[in-house]
Amino acid sequence: MSLQSPSRLLELAGQSLLRNQFLTIFTVDELPREVFPLMFMEASSMRHFEALKLMVQAWPFLRLPLGSLMKTPDLETLQAVLKGLDTLLAQKLRPRRWKLQVLDLRDVDENFWTIWSGARALSCSPEAMSKRQTVEDCSRMGECQPLKVFIDLCLKKSMLDECLSYLCGWIHYRRGLVHLCCNKVQNYSMPTSSFRNLLKRVYPDSIQELEIKRKCSLNKTGKFAPYLSQMSNLRKLFLAFGYDDELYVSGQQQFVPDLDCPFLCLYYPQMLYIRKISNIEEHLEHLLRCLKNPLGTFIFCHAYLADRDMECLSQYPSLSQLKELHLIHILMGTTNLEPLGALLEKVAATLQILTLKDCQIQDSQLGLLLPALSRCSQLTTFYFRGNETSTNALKDLLRHTGGLSKLGLELYPAPLECLDNRGHVNWEILTPIRAELMRTLREFRQPKRIFFGPIPCPSCGSWPSEKVDFHLCS
């Protein structure tokens, strides 16, 4: 007999039970576990909701990936499954056979249904199926664990759809028995009050990424504080209370809005991105104080930092182990940069990427950063374009970065001597100066990828991603 035959026989047996409506809780309990996925798919396609309800009560696997079977939410199917779970949840002692711990409503696991449908029967031997069962049995958790229901929450409308509304209502009356879990929560349209009510239904420890992008006034943001403080596994906070274009930095897009002290209390953040906050000086110190553990990446864009704000950057432990520091379009022309130098000194052993772009840093200020910068031994990328520095200041900068052997990408501005009265580069002047700067650097090390002046190059269109030792166009 071929390997495909047993699968086919199970399928025929399951179809017979469904079509003749012989399925009861007693017959289900005696079925071999291999027939459950086949029968469940058949019952779903035939819209036999009573059969679905019965099979859920005896589901012999740890996980039921319903979302990948439905593809698009189907209210009647969801209702049948939840009614089956109700029968179980109402029992003080769970049935001997029940192993279900996770109802997954996300479209994430087609593999489960493909394997058990027989579509891979030729490559799925009885030994492999046996091994699969053993792994699932070994990972079984305690009998009294709450059932976890996983969903995707991407709210693009102001109201919940009928399936999500029904599910949230069902969860509400089964607190303690069921946890509604969502790794990533996105809200683009739902009003703040409705969104807060929805967050009450979600198990806070399950949320790892929170994204809110909709118009909202500053005085409403503090109302999220009680929920954020419960999200012990939150890693990424994406908040944009407006419609500015998003900025792509370091492979991720993150935004943080105007914040007040009680609003944010993150214990294990990875990245904090602040962009275009007109009154950030009123909130920066509170924000940094509320971050309980060190950040990996700090990105600050389009703002003005007073001397007191700059001091905050060097004082709080949350910025003491940075791997990436990006200050972009931060007006520093009149700011005391000693605190920034102190911050660089603090993160010298961990910092890998440093961006000081379009910050209007002057020659007199640059010297305050150089001693600390020269000790950033792990630095691989240094972006210094958009600052107002002379040839001599750039030479001094290159001497201090000369010992940074891991630097693989460097971007520097055209010296002031190369700019006309409108700020445009005079290429005839820049070309020999760049050669002179390169000679200065090569006294200390051989650069890998280095650019002076605007990018992309107006002459040849080169970008910093190209592997060139020295970019020079005439």
Side-chain angles (χ1 to χ4, degrees), residues 218 221-222 225 228-229 234-235 237 239 249-250 254-357 359-362 364-379 382 384 387 400:
L218 175 59
T221 59
L228 284 173
S229 63
L234 190 62
R235 296 293 186 272
L237 182 63
L239 300 171
V249 177
S250 189
Q254 299 287 322
F255 295 88
V256 175
D258 309 41
L259 300 175
D260 207 348
C261 182
F263 175 63
L264 184 64
C265 188
L266 299 180
Y267 280 81
Y268 302 103
Q270 292 178 339
M271 172 187 282
L272 179 62
Y273 192 140
I274 302 175
R275 180 174 185 260
K276 284 191 176 181
I277 308 303
S278 58
N279 60 339
I280 187 60
E281 65 275 5
E282 300 174 14
H283 305 285
L284 182 61
E285 184 175 1
H286 296 310
L287 171 59
L288 295 176
R289 186 186 300 136
C290 288
L291 296 170
K292 301 303 181 182
N293 282 285
L295 285 167
T297 301
F298 181 56
I299 307 173
F300 200 4
C301 305
H302 297 275
Y304 168 74
L305 285 182
D307 289 347
R308 175 57 191 156
D309 302 316
M310 193 64 74
E311 290 174 8
C312 290
L313 298 182
S314 63
Q315 290 176 349
Y316 286 96
S318 55
L319 300 182
S320 63
Q321 298 178 28
L322 289 176
K323 292 183 178 180
E324 297 186 29
L325 173 61
H326 303 267
L327 301 179
I328 303 169
H329 290 285
I330 307 297
L331 304 182
M332 300 183 187
T334 60
T335 305
N336 177 17
L337 296 191
E338 284 188 32
L340 181 57
L343 175 61
L344 291 178
E345 186 78 43
K346 186 180 295 185
V347 301
T350 60
L351 192 65
Q352 298 174 9
I353 299 177
L354 174 61
T355 301
L356 301 173
K357 178 180 181 293
C359 294
Q360 299 182 1
I361 295 175
Q362 314 286 318
S364 57
Q365 297 172 297
L366 182 58
L368 299 173
L369 305 179
L370 296 183
L373 180 61
S374 67
R375 286 188 275 275
C376 293
S377 58
Q378 304 303 309
L379 201 64
F382 181 37
F384 193 66
N387 293 291
H400 279 82

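We count residues from 1, following the sequence as given.
In this structure the side chain of Leu366 reaches within 4.5 angstrom of the side chain of Phe384, judged on heavy atoms. The shortest side-chain heavy-atom distance between Met332 and Leu327 falls under the 4.5 Å cut-off.
Listed by first then second residue, pairs satisfying salt bridge (charged side-chain N to carboxylate O under 4.0 Å, His left out) with a partner in residues 311-322 read Arg308-Glu311, not counting sequence neighbours.
Note that the CG atom of Leu343 and the CE atom of Met310 stand 9.5 Å from one another [nearest 0.5 Å].
Shown here are the side chain to side chain donor-acceptor pair (under 3.5 Å) partners of Gln378, two or more places apart in sequence or in another chain: Lys406. In this structure Asp307 satisfies the side-chain contact (heavy atoms from CB on, under 4.5 Å) test together with Thr335, Asn336, sequence neighbours excluded. Remark: Gln362 engages Glu388 in a side chain to side chain donor-acceptor pair (under 3.5 Å) (not counting sequence neighbours). For Gln321, the side-chain contact (heavy atoms from CB on, under 4.5 Å) criterion is met by Pro294, not counting sequence neighbours. Residues that satisfy the salt bridge (Lys or Arg N to Asp or Glu O under 4.0 Å) test with Arg375, not counting sequence neighbours, are Glu345. Scored by the ring-ring contact (aromatic ring centres under 6.0 Å, His included) test, His400 finds no partners at all (sequence neighbours excluded). Remark: Leu354 engages Leu325, Leu344, Leu351, Leu356, Leu373, Leu379, Phe382 in a side-chain contact (heavy atoms from CB on, under 4.5 Å) (not counting sequence neighbours).
What you find for Gln365 and Gly333 is that their closest heavy atoms are NE2-O, 3.4 Å. A pairwise comparison of heavy atoms in Gly341 and Leu369 identifies N-CD2, 3.6 Å as the closest pair. Minimum heavy-atom separation, Cys301 to Ile299: SG-CG2, 3.8 Å. Listed here is the closest heavy atom pair of Leu313 and Phe298: CD2-CE2, 3.8 Å.
Judged by distance alone, the side chain of Thr350 and the main-chain N or O of Leu322 form a donor-acceptor pair under 3.5 Å.
The number of heavy-atom neighbours closer than 6.0 Å to NZ of Lys323, taken from other residues, nucleotides and ligands shown, is 12 or below.
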